[in-house]
Amino acid sequence: MAGEAVVSGQVAPGWEAVRDAFARGQADDPGGAQLAVHHHGRLVVDLASAGGVPAAPASADLASADGGQAGAPAYGTDSVGVLMSVTKGLVAVCAHLLNQRGALDLDAPVARYWPEFAAAGKGATTVADLLTHRAGLPAFTSGAAGTGLPGLLDWDARVTELAAMRPVWEPGSAFLYHALTYGHLAGEVIRRVAGVSVGAFFAAEVAGPLGLDLWIGLPQEAEHRFVPQFSVRPEPTQEQITGFLAGLGLSPADPLSLALRATAAELAATVEGLTTRQGRAAELPGAGGIGNARSLSRLYAALIGPIDGVRLLSPETVDRARTSRNEHLAPPPPLDGGDASGRSRFGLGFELPRTGLPMLGGGSFGHAGAGGRLGAACPESGLAVGYVCTAMSWEPAAGPDPRWTRWTEAVMAAAPARD
């Protein structure tokens, strides 16, 4: 049909409008995408589109020199791909599980579990500060070049440096997105409490019981299902980033400017690393999770209700997790000006709805990922969704991803009719 992508998969009776909306939304997408929806614990939508327009150019075909793919396998509902920052939601689930079991106090100082972290004025920094991007440690190094490969894959070195670093702002006094360090900061606390890495804890305590195809560290046996991501536009240069920050009032030598430029460099290195088997096998819990939409939706469904007898978080834990923790704070100066209505909103480890990320409306919580990935749930409607894509095209500053809009409206319209 003109103006629609070819879609495979299944929908339950009464949810056909979601399939049609998904197909229209993918019509101009050069990559593959998956959409899954659970309603009161039941999988009602499980769809994939291989792309509505000609496939990405050969340069986007991410072959690796270490035996990785020399091309992408056919894209379908069983394929798996990079989740980028949707991974942060997986980490948050682990932290809340430990809190729910009485092993981790989210309002306690990080140093209670990770003593070395108290260095350089961080003794009062709480676990909640880590989960809400208030820790003042947005990059792995204080140099603008950031930490590149293979250093980004060295967990012990990265957490040792973070423990020794002086925060760019006083922890708890401001918030600014910790694009990669979030995963290592929260992940090291989880490792210290649980005795295993965050990826191993997630596999044993979350993915295993629910039968999820979600990983923080892709196992070799799932490698053949991996489909690479690609960007539809060039990344900004360091010079462009420096100039942009200068326009906001940050001189090149300002510690915050250095940290933000380092973050950009480290994100680029992470994306490069994920084109290799070594990078996909590593635990990069800020942005390196891998999985599919069906499992992402199933995970979020298990946060708000039972799935085959498994419920991960209690209603009380969910309410605590989705209570805003940063409404009273602004980014560190001079980034604290402008209209606050479009700023990111965070609960404990999860994003909350805002103008550019409406998710499933009021009461919903979840996490988006660079390029357009999304996982979210809403206890009031009983909805949980997962959206995974290969074309990195979402521009958060411009508002919601246009690929989300149609199917989001259709999902929210269908849910009341099926209750």
Side-chain angles (χ1 to χ4, degrees), residues 83 85-119 122-123 125-133 135 137 140 152-163 178 180-219 222 280-291 295-296 298-300 302-303 307 310-314 316-318 320-321 347-350 367 375:
L83 302 178
S85 284
V86 168
T87 316
K88 293 179 174 68
L90 279 56
V91 175
V93 170
C94 296
H96 284 290
L97 277 175
L98 289 170
N99 172 254
Q100 198 168 254
R101 296 171 184 177
L104 175 62
D105 182 349
L106 302 182
D107 291 316
V110 175
R112 177 185 298 181
Y113 309 103
W114 181 3
E116 303 94 315
F117 190 81
K122 302 192 298 298
T125 303
T126 66
V127 178
D129 288 329
L130 306 186
L131 293 173
T132 53
H133 304 265
L137 299 169
F140 287 111
L152 278 173
L153 309 183
D154 185 338
W155 182 274
D156 289 342
R158 300 289 67 73
V159 298
T160 297
E161 286 198 16
L162 286 170
H178 289 45
L180 290 175
T181 58
Y182 168 101
H184 283 67
L185 291 166
E188 181 64 9
V189 171
I190 290 166
R191 188 183 75 84
R192 297 288 179 118
V193 173
V196 296
S197 71
V198 61
F201 184 85
F202 182 83
E205 304 294 334
V206 180
L210 285 167
L212 304 180
D213 291 326
L214 287 177
W215 302 274
I216 303 174
L218 183 67
R280 294 190 288 271
E283 293 192 15
L284 295 168
I290 292 172
S295 292
L296 190 59
R298 184 173 170 88
L299 168 67
Y300 273 93
L303 300 184
I307 298 288
V310 177
R311 174 164 183 163
L312 294 173
L313 302 182
S314 69
E316 294 77 16
T317 298
V318 169
R320 185 163 57 249
L348 281 171
F350 296 102
H367 218 291

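Because only heavy atoms are used, hydrogens play no part in the values below, and waters and symmetry mates are left out as well, while side chains stay in. Bear in mind the structure is a predicted one, so any value in this text is a computation, not a measurement.
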Show the numbers, then the answer: is there a side chain to side chain contact (heavy atoms under 4.5 Å, CB included) between Phe201 and Val193?
-> CA-CA 11 Å; Phe201 184 85; Val193 173; over 6 Å; no
What do the steps show when you test Leu312 against His96 for side chain to side chain contact (heavy atoms under 4.5 Å, CB included), and what is the final call?
-> CA-CA 9 Å; Leu312 294 173; His96 284 290; over 6 Å; no
For Ile290 and Leu214, what are the C-alpha separation, side-chain angles and deciding distance, and is it a side chain to side chain contact (heavy atoms under 4.5 Å, CB included)?
-> CA-CA 6 Å; Ile290 292 172; Leu214 287 177; over 6 Å; no
Given side chain to side chain contact (heavy atoms under 4.5 Å, CB included), test Val206 with Leu90 step by step and report yes or no.
-> CA-CA 9 Å; Val206 180; Leu90 279 56; over 6 Å; no
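Using modelled atom types, no side-chain atom of Ser85 and backbone atom of Lys88 make a donor-acceptor pair closer than 3.5 Å.
Between His133 and His367, the ring-plane angle classifies as tilted under the 30° and 60° cut-offs. The aromatic rings of Phe350 and Tyr300 stand perpendicular to each other, their planes meeting at an angle above 60°, with 30° marking the opposite boundary.
Counting all heavy atoms, side chain and backbone alike, Trp155 lies closest to Gly187 at CZ2-C, 3.8 Å. What you find for Leu152 and His184 is that their closest heavy atoms are O-NE2, 4.4 Å. Considering all non-hydrogen atoms of both residues, Ala119 and Ala163 come closest at CB-O, 3.6 Å. Nearest heavy-atom pair, Asp107 versus Thr126, reported as atom, atom and distance to 0.1 Å: O-CG2, 3.6 Å. Smallest separation of non-hydrogen atoms from Leu210 and Arg298: O-NE, 2.7 Å. Across all their heavy atoms, Ala203 and Pro209 have their closest contact at O-CD, 4.4 Å.
Side-chain contact between Leu218 and Trp215: present, with at least one pair of heavy atoms (C-beta onward) separated by less than 4.5 Å. Under the 4.5 Å side-chain criterion, counting only non-hydrogen atoms from C-beta, Phe117 is not in contact with Glu188. Taking the side chain as every heavy atom from C-beta outward, Asp156 and Asp154 approach each other to under 4.5 Å. You'll find the side chain of Leu284 stays beyond 4.5 Å of the side chain of Leu180, heavy atoms only. Taking the side chain as every heavy atom from C-beta outward, Val93 and Glu205 never approach each other to under 4.5 Å. Between Ile190 and Tyr113 there is no side-chain heavy-atom pair separated by less than 4.5 Å.
Here the straight-line distance linking atom CG of Asn99 with atom CG of Leu131 works out to 9.5 Å at 0.5 Å rounding. Taking SG from Cys94 and CD1 from Ile216, the interatomic distance works out to 5.5 Å, rounded to the nearest 0.5 Å. Leu299 CG to Asp213 CG: the interatomic distance, rounded to the nearest 0.5 Å, is 12.5 Å. The CG atom of Leu313 sits 5.0 Å away from the CG atom of Leu303 when rounded to the nearest 0.5 Å.
Shown are Thr132, Thr87, Val91, Leu130; of these, the side-chain contact (heavy atoms from CB on, under 4.5 Å) with Tyr182 is made only by Val91.
A donor and an acceptor atom, one from each side chain of Lys122 and Thr125, are nowhere located under 3.5 Å apart.
By the side-chain hydrogen bond (donor to acceptor under 3.5 Å, both in side chains) test, Gln100 pairs with Ser314, Thr317, sequence neighbours left out.
A salt bridge is defined here as a Lys NZ or Arg NE, NH1 or NH2 lying under 4.0 Å from an Asp or Glu carboxylate O, and Glu283 with Arg191 fails to meet this definition.
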